[in-house]
Amino acid sequence: MMSLYAIQLECLISIWGILILLVDAFKPIPNKRTVGYLAAGFVAVALLYSFAMQPVPDTFFHGMFRLDPFALYFKRLFLLALAAVLLMAAEFSPRIESGVAEFYALLMFCAVGMLLIASVNDFILLFVSLELVTITFYVLASYLRRQIPSLEAGTKYLILGALSSGFTVYGIAYIFGTTGTTNFDKLAEILNSQTGPPASAFIFGMLLVLTGLGFKIASVPFQVWAPDVYQGAPTPVTAFLAVGSKAAGFALLLRVLYTGLLPVSLSWNALIAVLAGATLLYGNLGAIPQHNIKRLLGYSSIGHAGYMLMGVAAVNALGAGAVLFYLGQYAFTNLCAFLAIIAVTAATGSDEIPSFSGLGKRSPILGLALFLSMMSLAGIPPLSGFFGKFQLFAAVVQRAQTDSKYYVLAAIGAVAVVISLYFYLGVGRAIYLQEAEDATPIVVSKPMRFGLVVCMVAMIGIGIFQRPLVHASIMAAKVFSLH
Amino acid sequence: MYDILFWFFSIAMLVCGLLVIANRNPVASALFLVLLFVFLAGLFVLLEAFFIAAIQVLVYAGAIMVLFLFVIMLLDIKASERRKFRALGVVGGIAVAVAFVWELVIILTRPLKPLATGGDELSGGLEQVVKPLFANYMLPFEVTALLLLVAMIGVVLLSKRELK
C-alpha cells in the first residue's frame with residue numbers, strides 16, 4: 001500500500017489523461033476549450049493536494065523510487081507547469097486542426113514522465129521515464145503537421161533526441177558493466193568504498209550519461225536543437241519544453257551527480273563549470289539578433305541553463321538550493337511570458353517581435369505581463385529572477401573561496417547578465433515605446449487573466465518575500481550530503 | 001571455440017551494420033538489419049541468455065522486421081538518390097567518429113578492473129528474465145506501458161490522412 005501512496009500523483013494524472021481520451025472517443029464534448037479548462041482545474045486541485053503529501057524516508061519499488069523533499073518539490077513544480085500549459089492549450093485549441101483531446105492527454109502523459117523523473121533513484125527507471133517525456137515531445141512538437149516549421153521542429157527533435165537517448169543508454173551500460181548495479185544508493189556505496197580513481201570505463205559511462213542530460217537541458221555543446229524546436233513547436237509545447245523539460249533535466253542532473261556519482265562528480269566539477277560558461281555566452285550572445293519571440297526565448301532558455309549550471313558546478317549546498325529556487329521562479333516567469341504570447345498571437349497571428357509593438361496600449365494586462373516576465377528573466381530587482389541569480393552567484397563565489405578559478409565563472413555570468421539586458425529590454429521597448437500599426441484592443445479570456453495574475457503576483461511576491469521558496473528549496477536540497 | 005564464435009558474430013554484426021547504412025536500396029538495408037539481429041542473437045546464446053536470444057529472433061528479426069518490409073513495399077520507396085555531401089559535414093563526422101573510437105580503444109585496452117564483484121548471476125532461461133521483470137523492475141515495466149500508449153496515439157495522429 002505504501003508503494004501506491006508513493007506513486008499516487010502519477011496514477012492520478014495518467015488515469016485522468018486516459019479518461020479524457022476515452023470520453024472523447026465515445027462521447028465527444030463539442031467545446032474543446034471547456035475540456036482544457038477542466039483538465040487544468042483538475043491538475044490545479046492535484047497540485048493543492050500534493051501539499052498535503054508528506055516526504056517518506058524509505059525507497060519504494062526495490063530502491064527505485066524516492067518520495068523525499070526533493071522529489072516533492074519537483075512534483076509540485078511539474079504539476080504547476082502542467083496546469084498552466086493545459087490552460088495555454090485550451091486557449092490554443094482553435095488553432096489545432098484535429099486531435100485536441102489527444103493533445104491534452106499527451107501533455108498529461110508527458111507530465112507523468114516528469115513526475116517520475118522527480119523521484120528516480122535507479123538508472124533503469126531514469127531511462128524509461130526520460131523516454132516517456134522525450135517521445136511524447138516528438139509527437140507534441142510536430143502536432144501542427146500542416147505547418148512546415150512544426151514538422152521541422154518535430155523532426156529535428158526526433159533525430160537529435162534519439163541520438164542523445166542512445167548516448168544515455170550506452171553510458172548506463174558502461175556504469176552497470178563496471179559496478180554491477182544501476183541503483184544510485186548502491187552506486188554511491190561502491191564508489192565510496194573504492195580507493196583511488198574509478199576505472200576509466202566507468203568515467204566514460206558517466207560522461208555519456210551527462211551528454212544525454214546535457215541535451216535535455218540544452219547546454220552547450222548539445223544546444224543546437226533548442227532555437228529551431230522552440231520556434232517551430234506549438235506555443236504550449238514550447239512553454240512545456242522551457243519549463244517542464246528543462247526542470248526535469250536539472251532534477252536528473254542533480255540527482256545523478258549528487259547522489260549516485262557524488263564521489264566522482266566532486267573531481268569532475270571543472271567540466272560542468274566550463275560547460276556553464278560556454279552555455280551562458282552562447283545563449284545570451286545568440287539571442288541578440290533574434291526577431292522572433294519564441295526563438296528569442298529559445299536562446300534565452302539556453303542562457304538560463306547556463307546560469308543554473310553555475311549552481312550545479314559549485315557542488316555545495318548553497319548551489320543545489322539555488323538551482324532549485326531558480327527553477328521554481330523560472331517556471332512562473334516563463335509561464336507568464338508564454339501565456340501572454342499565446343494571447344497575443346491568437347489575435348495577431350504572428351510571433352515576430354514587431355507584432356508586439358504597442359501591446360501596452362492594446363491590452364494593458366498582456367503588456368504588463370510580458371514586460372514583467374522579460375524583466376524577471378533579465379534579473380532586475382525586485383522581481384524574482386534577480387534573487388534567483390543572486391543566489392546562484394553567491395554559491396559560485398562561496399566555491400571560489402577555496403578554488404579561485406571560480407571567480408572567472410562568476411565574471412562570465414555577470415557579463416552574460418549585462419548582455420541579456422539588451423535583448424530583454426528590446427522586447428520591453430516594443431511593448432511600451434513603439435506604436436502599433438493596428439491598435440485594436442486584444443480581448444483576454446477570464447481563465448487566461450487568472451493565470452496571468454497568478455504568475456505576476458508570484459513573480460513580484462517571490463522577488464520581495466523570498467523566504468518561503470528559499471526555505472522550500474533549501475529543505476529539498478538537504479537530501480544531498482553536500483556542505 | 002568460444003572466442004572464435006564471439007569474434008565471428010561481432011565482426012559479422014559490424015559488417016551488417018555498415019551495410020545497413022551504406023545501402024541505397026531500402027529493402028536490402030532492411031534485410032541486412034534482419035541479419036544483424038540474427039548475429040546479435042548469436043552473441044546472446046554465447047552469454048547463455050537463451051530466452052533473450054530466442055525473443056531476439058522471434059520478435060525483432062521475425063515480427064518487427066517483416067512489418068518494416070511490408071511498410072517499405074507498400075509505400076514503394078525507391079532507392080534514395082545520390083546526395084552531395086558537404087565537405088565540412090564529412091570531415092566533422094569522420095573526426096568525431098575517429099575521436100570516439102580512439103577514446104574507446106584507450107578505455108578498453110586499460111585493465112578493466114571492475115569496481116564491484118558479484119552482482120546477479122546471469123544465466124539462462126525464462127525465469128531469470130521474468131522474475132526481475134515483474135518484481136524488482138515492475139515500475140519501469142508499467143511505465144513502458146504508458147510509453148507504448150503514447151507512441152500509439154502519436155503514430156495514429158501524425159499519420160492520419162484526413163485532418164478532422
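Note on naming: letters A, B, ... go to the chains in the order of the sequence lines (proteins, then strands), and numbering restarts at 1 for each one.
Using a 4.5 Å cut-off between heavy atoms, A:Leu106 contacts chain B through its side chain alone, with no backbone atom that close. Only the side chain of B:Ile153 comes within less than 4.5 Å of a heavy atom of chain A; its backbone N, CA, C and O stay farther away. In this structure, chain B has no heavy atom under 4.5 Å from any part of A:Val133. Neither the backbone nor the side chain of A:Phe60 comes within contact range of chain B; no heavy atoms are under 4.5 Å apart. B:Leu104 touches chain A through its side chain: at least one heavy atom from C-beta onward sits under 4.5 Å away, while N, CA, C and O do not. Only the side chain of A:Leu208 comes within contact range of chain B, judged by heavy atoms closer than 4.5 Å. Using a 4.5 Å cut-off between heavy atoms, A:Leu116 contacts chain B through its side chain alone, with no backbone atom that close. Residue B:Ile106 does not touch chain A at all, counting heavy-atom pairs closer than 4.5 Å. B:Glu103 touches chain A through its side chain: at least one heavy atom from C-beta onward sits under 4.5 Å away, while N, CA, C and O do not. Looking at A:Thr182, the atoms closer than 4.5 Å to chain B (heavy atoms on both sides) all sit in the side chain, from C-beta outward. Contact annotation for A:Phe65: only side-chain heavy atoms (C-beta onward) come within less than 4.5 Å of a heavy atom of chain B.
Every residue two or more places apart in sequence or in another chain was checked for a ring pair (Phe, Tyr, Trp, His ring centres under 6.0 Å) with A:Tyr104, and none qualifies. Applying the side chain to side chain donor-acceptor pair (under 3.5 Å) rule to A:Asn183 yields no partners; only residues at least two apart in sequence or on another chain are considered.
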Requested in this report: For side chain to side chain contact (heavy atoms under 4.5 Å, CB included), just list the numbers for A:Leu191 and A:Phe202, CA-CA rounded to whole Å, side-chain angles, deciding distance to a tenth of an Å, and then say yes or no.
Outcome: CA-CA 10 Å; A:Leu191 289 175; A:Phe202 176 82; 3.8 Å; yes
Requested in this report: Determine, stepwise, if the pair A:Glu97 / A:Arg145 fulfils salt bridge (Lys or Arg N to Asp or Glu O under 4.0 Å).
Outcome: CA-CA 9 Å; A:Glu97 281 178 273; A:Arg145 64 183 167 110; over 6 Å; no
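Heavy-atom proximity under 4.5 angstrom to chain B picks out A:Ser14, A:Ile18, A:Leu21 from residues 12-23 of chain A. Listed in order of number, the residues of residues 155-173 of chain A that approach chain B to under 4.5 Å between heavy atoms are A:Phe167, A:Tyr170.
Under the 3.5 Å distance criterion, the side-chain polar atoms of B:Glu142 are left unmatched by any main-chain donor or acceptor of B:Leu139. Remark: the backbone N or O of A:Tyr138 is paired with a side-chain donor or acceptor of A:Ser142 at under 3.5 angstrom.
Between the CG atom in A:Asp185 and the CD atom in A:Glu189 there is a gap of 8.0 Å [rounded to 0.5 Å]. Atom-to-atom distance recorded for A:Phe109:CZ and A:Leu132:CG is 9.0 Å, nearest 0.5 angstrom. Atom OG1 of B:Thr144 is separated from atom CG of B:Leu149 by 12.5 Å, given to the nearest 0.5 angstrom.
In this structure, A:Val139 and B:Gly154 approach most closely via the heavy-atom pair CG1-CA, 3.6 Å.
In this structure, B:Tyr137 and A:Met64 have side chains that are in contact, with non-hydrogen atoms separated by less than 4.5 Å. No side-chain heavy atom of A:Ile203 sits less than 4.5 Å from a side-chain heavy atom of A:Tyr174.
For A:Phe103 and A:Tyr143, the ring centers sit closer than 6.0 Å to each other. Aromatic ring centres of A:Phe184 and A:Phe123 lie closer together than 6.0 Å.
When each of A:Leu144, A:Val85, A:Val100 is checked for a side-chain contact (heavy atoms from CB on, under 4.5 Å) with A:Phe92, only A:Leu144 meets the rule.
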